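Order of the sequence lines sets the chain letters (A, B, ...), proteins ahead of strands, with each chain counted from 1. Bear in mind the structure is a predicted one, so any value in this text is a computation, not a measurement.
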Number of protein chains: 2
Amino acid sequence: MTRTGERTTVTSDAVLDSALTLFAALGYHGTALSQIAGALEVRTPSLYNHMRSKHDLLLTIVRRTVTGVLDDFTAATDGLTDPRDRLLAATRAYALRHATHRREAIVVNRDTSSLDEPHRSEMQALRRTHDHALRAIIEEGVAAGRFSIDSPALGSFAIREMCVSVARWFRDDGPMTAEQVAEEYTGFALRIVGAE
Amino acid sequence: MTRTGERTTVTSDAVLDSALTLFAALGYHGTALSQIAGALEVRTPSLYNHMRSKHDLLLTIVRRTVTGVLDDFTAATDGLTDPRDRLLAATRAYALRHATHRREAIVVNRDTSSLDEPHRSEMQALRRTHDHALRAIIEEGVAAGRFSIDSPALGSFAIREMCVSVARWFRDDGPMTAEQVAEEYTGFALRIVGAE
DNA sequence: CCTACCGATCGGTAGG
DNA sequence: CCTACCGATCGGTAGG
């Protein structure tokens, strides 16, 4: 973000962005505020002009991300009624998000449990909302006779985590674009539920 | 492990087991040696009679686990030549391990990156060996015309991470046994590669 | 197995 | 935005 020698005013967004990068790379407990400050070329106490606490940084990152996931899901599936269309749209949106928001996904998955209560429970509840929405699509597809799968719950877990893992290996300079990866994973999801 | 009031001699295995539980729950950087000592009802310095350092505890856990994964893979696929049989056996073993060694899987996946060099690179190389072996099975299946999948690499990622995620939600007292889960996931893997 | 203690570093505050 | 500094806690050691 900030290049050596440049004079850039630190903003809340810049602090969050540096925190995101470092939390993703080193973990929440593995990152010191002095490292975030160092990345922004300021002293640690200066950070407190742009944030409340280290914990609040994590909370903001997690809240924005899980909210974004739910918004993505709603936008992608809104208006669709066919279970196959809905699963396809939900999987594409989820896989795409994990290719385009890698740091956020890594932090949410690794460090949500480091949040203090009641925030931890609140964020986990939001994540569960998405889980249930995805599972509901599969159950509807099974009920409608469009999908063929023994356990919708296990299928839901498998599809979700397969998408989440994209954040761990995807590279912007790799051989496939985020859209291409999302397309492939959508195909995997349809195969898992026996939709083809 | 140690119940209140009982007099139990602490062993290296007991220290490793407590470390495993706490690292899995709180993360390597989120766990203090004082907590491991507390779980064993001794003072922190006493731990040093049974370990070299906190880092060495993590290294031991990671090394044993990744070695175990490779041994599992070899034992499961040894003697099998049919790509479908090999993928089935490899997936079953991998999923089963993640249901039966949940703590180990969580620690390896979250905290291998906290290892010091050269250990970090060594452990990551061992993990990559398994990744490549799994991918090779899919590539052989495609080459033999037995599997139908656009990208063996992506399919390999998807199958692997789907199995890894079992460690995050499986419960011994849940509705399915580890074997039943492994069986379902094996079915998902075969569907992903288009083997049926 | 313990008490006593080490230097280092942590997140955060005072005060300007 | 800074320097100076706080109490707490960290992993680890000395010495018995």
Figure out the [atom1]/[atom2] separation between [X] and [N], and round it to whole Å.
X     : N      : atom1 : atom2 : result
B:L58 : D:dG11 : CG    : C1'   : 14 Å
B:I36 : D:dG12 : CD1   : C1'   : 13 Å
A:L40 : D:dC1  : CG    : P     : 9 Å

**Report entry** SB check B:D17 B:R103 (cutoff 4.0 Å)
**Finding:** yes
Query raised in the report: So, are B:D82 and B:R146 salt-bridged, with charged N and O less than 4.0 Å apart?
Result: yes
Just the table, please: protein N/O against nucleotides 2-4 of chain D N/O, every pair under 3.5 Å.
| residue | atom | partner | partner atom | Å |
| --- | --- | --- | --- | --- |
| D:dC2 | OP2 | A:R43 | N | 2.9 |
| D:dC2 | OP2 | A:S46 | OG | 2.3 |
| D:dT3 | OP2 | A:R43 | NE | 3.4 |

Query raised in the report: In chain order, what residues pass the side-chain contact (heavy atoms from CB on, under 4.5 Å) check against B:R120, with sequence neighbours excluded?
Result: B:L115, B:E117, B:Q124
Report summary line: In short, ring pair (Phe, Tyr, Trp, His ring centres under 6.0 Å) pairs touching residues 145-166 of chain B with sequence neighbours left out are A:W169-B:F157
**Report entry** Pair assignment for DNA chain D - dot-bracket with | for other-strand partners, Watson-Crick or G-U under 3.5 Å
**Finding:** ||||||||||||||||
Query raised in the report: Taking all atoms of both residues into account, what is the closest heavy-atom pair of B:H98 and B:A105, and its distance?
Result: CD2-CB, 3.3 Å
**Report entry** side-chain hydrogen bond (donor to acceptor under 3.5 Å, both in side chains) partners of A:H101, counting only residues at least two apart
**Finding:**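 Expected list: none.
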Requested in this report: Run the ring-centre check on B:H29 versus A:Y28 and record whether the distance is less than 6.0 Å.
Outcome: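 No: the rings miss the under 6.0 Å criterion.
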Query raised in the report: Which residues within residues 24-35 of chain A lie with some heavy atom under 4.0 Å of an atom in DNA chain C?
Result: A:T31, A:A32, A:L33, A:S34
Query raised in the report: Within the structure, does a side-chain N or O atom of A:H50 lie under 4.0 Å from either OP1 or OP2 of D:dC1?
Result: yes
